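Note that the structure is a prediction, hence the values are computed from the model and not measured. Below, read A as the first sequence line, B as the second, and so on, with proteins coming before strands; counting in each chain starts at 1.
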Amino acid sequence: LDLRYSTSDEAFRRELRAWLADAVRQHGAPPPSHDWPARVAYDTGWQRKLFDAGYAGINWPKAYGGRELSATEQLVYYEETARAAAPYVGVNFVGLLHGGPTVVAEGSDEQKTKHLPRILRGDEVWCQGFSEPGAGSDLASLQTRAVRVGDDYIINGHKIWCSFAHVGEFCELLVRTDPDAPKHRGISWLICPMDLPGIEIRPLPTLAGETEFSEVFFTDVRVPVSARVGAENDGWRITNVTLRFERGTAFASEMINLQRVLGDLVALAKRVTRHDARAWDDAGLRRECGHLLAELDALWAMVKRSVSLASQSGMPGLEGSAIKLYYTELFQRVSELGVRILGRAGIAREDVGGLPSKSILHRHLNSLSLTIAAGSSQIQRNIVGERILGLPKDR
Amino acid sequence: MDFRLTEDQEALQSGIRSWCDGQLPLETLAEIANTGGFDAKVWSGLAEMGAFGLRLPESEGGVGLGMAEAVLVFGELGRALVPGPIVWTHLAAGLVPGAASGATIVGGVDLADAFADPILIEHPATLDALLVLYADRVEKVDAKALALEPVATPLDPLTPIAHARTLPPGERIGGADLAARLRLEGAALTAALSLGVAERSQELAAAYAKEREQFGRAIAGFQSIKHMLADMWVRQEMARAAVWSAGATIDQDGVGDPARAVASAKIVAGDAAMKNARASIQIHGGMGYVWEMAPHYYLKRAWVLATSFGGSEQYEEALANSIAG
């Protein structure tokens, strides 16, 4: 058990920190959340800068444009980008953090060559097509059909909660290729181009009034069989690879970011007044902040442990479910604290009285999705209970 | 950076675990509680394994390991509810002659702690010496010089206590630095004990829930129980990450602030122990509420540990004040 970073890790850290100091400042503030063209330009522009400077795909293979560095350097990358308040992955989320890693692990050479360098350069935005109206927590019951005709699949179905569908060029798409097999054995994982005839995208405003995701309708959409990742009907196994990445490491940089968020809330509590005192003079509030910091420290230690454990297999372990569960609920508590510090200013979604209501409410409303997306907290508890503790299945 | 145990560390941990399983099966807890909360054979076994002299250099008769290993050992001792003043005697190794070998049994109290009044001494009848931490110094008091009023019914049947209205002056063995170091290490080891309590509480509850049948099936299959157990496992693993991290942060230069790492571990592991032990009683149902079953020993120990080497309140305040805002 060694928490010391090696000399080369530290050299990497210094070099990255120096680069970030200028690059983050030059890239400026993110555009408003409703301005999607500007958001795509901002997020992919940042990704291109990372790529050009050699900081894209820290642990991806060199052959496809990555750096092929160690898991430890990946951690250093997360720590430093959070420390520098670097732009969030944004629209690159699916491609960089779970679709791309799935292709790295399971894709063909042709698929890797075609997609991975473009994802890393910010040239290719991916979206997710997993859930359906009738297949949420019970994802394996999905019904979107893919019928093989020659070298194509003809796809018909209805996907929902598709993150970034209205800006994505490719979709990690789950389809049913064998309707007669048991539900887990008839699924395939496709890389579906989003500009094909027969695809209709209807953005679905979230409770925050934003359009982060959409419904997507597929009507006789022809996708070449060569776009399938892994074997036909082996898609559930591939999906679990995707979900391991989505739950295990996709939120790592956000976790350290939360420490900065907590610092910002402390600063806010020092200038918000309650009668004649500062909010920060309330011992209950201070202790709550201290407790949250302790939990954030424990969570980050857990991420380090998980990354070390995964360094052999190259894939996050089942403990990713525990990390996802703990992180998302902790995030909501930090976000809730922000609203309580705002007091009455917390009922405004724009800055009032010199207080940063807009950003705090934005985070607060968006945080409600965290315990639902990528497998709800209840599903994560089932996974921990059944697959880690070996408790009987309840279905 | 590698957050995995080395082969040696794994061997140390599993060695202590199998020794504890052999020496202290759950059935013996009630027996030890009935005989004053101390077992001389267990104590000498701990001493032989080097639990007290673990961090003393080999040239001084110790094992020459660090806090990273000590938290592994104390995690196992907490898991087995090993009785006796193990933390204080371990801290006294190298400071009080005979402590490293277990021949001198050392207790302690921190008078600079928020919980210093009333002064309650653990394991009073077994002590040879007492370490007293003040803000500016550490003193050693001969146990024979103590004027103690027994507390006939301690909360934890395995942690007998006595009340000291005052403490006699002792021999000064160190200054503020030593006091601060012992406080920090003691808190880390207490967090490790709490981790063990959290882990075993989860294991006992999961094992019981897999066996216990109601409505024609094992209750572990019901989501209301399964999700409690999942939360227990998550708390235990977060506590483990924090405790192991605290141990390594004390040993290794430049990896972080030891005070912060220990404060986080004490809070998170203390919470995990109390919540898991409570949940274990709930999952055991009526069987969780009876004296002869093990779960209550774990909850009572968790409550004792929560008051040892500083309560969460002081660590939360310290962490809050460390946040640059």
Under 4.5 Å heavy-atom distance to chain B, tell me which part of [X] shows up: side chain, backbone, both or neither.
{"X": "A:Trp300", "answer": "neither"}
{"X": "A:Ser70", "answer": "neither"}
{"X": "A:Leu75", "answer": "side chain"}
{"X": "A:Gln378", "answer": "both"}

Check whether NZ of the Lys or CZ of the Arg [X] lies under 6.0 Å from the centre of the six-membered ring of [Y] and within 45 degrees of that ring's axis.
{"X": "A:Arg305", "Y": "B:Trp244", "value": "yes"}
{"X": "B:Arg183", "Y": "B:Phe309", "value": "no"}
{"X": "B:Arg200", "Y": "B:Tyr298", "value": "no"}

Largest heavy-atom contact set with chain A, pairs under 4.5 Å, which of [options]:
{"options": "B:Ala239, B:Ala218, B:Ala230", "answer": "B:Ala230"}
{"options": "B:Leu72, B:Ile225, B:Asp271, B:Val243", "answer": "B:Asp271"}
{"options": "B:Ala318, B:Gly221, B:Ala206", "answer": "B:Gly221"}

Check whether [X] gets within reach of chain A through its side chain, its backbone, both or neither, counting any heavy atom under 4.5 Å.
{"X": "B:Asp231", "value": "side chain"}
{"X": "B:Ser322", "value": "side chain"}
{"X": "B:Glu237", "value": "both"}
{"X": "B:Arg240", "value": "side chain"}
{"X": "B:Glu313", "value": "both"}

*B:Lys226 pairs by side-chain contact (heavy atoms from CB on, under 4.5 Å) with which of A:Val384, A:Leu391, A:Leu389?*
A:Leu391
Donor-acceptor under 3.5 Å ([X] side chain, [Y] main chain):
{"X": "B:Arg212", "Y": "B:His284", "answer": "no"}
{"X": "A:Glu386", "Y": "A:Ile383", "answer": "no"}
{"X": "A:Ser308", "Y": "B:Asp2", "answer": "no"}

*asked:* If you take the centroid of each ring, where Trp contributes its six-membered ring, are B:Tyr315 and A:His291 closer together than 6.0 Å?
replied: no
_CD-CZ distance between A:Glu336 and A:Arg363, expressed to the nearest 0.5 angstrom_ = 12.0 Å
_Top contributor to chain B contacts, counting heavy-atom pairs under 4.5 Å, from A:Ala322, A:Gly385, A:Ala71_ = A:Ala322
*Between A:Ile388, A:Leu325, A:Leu262, A:Asp9, which residue shows the highest count of heavy-atom pairs closer than 4.5 Å to chain B?*
A:Ile388
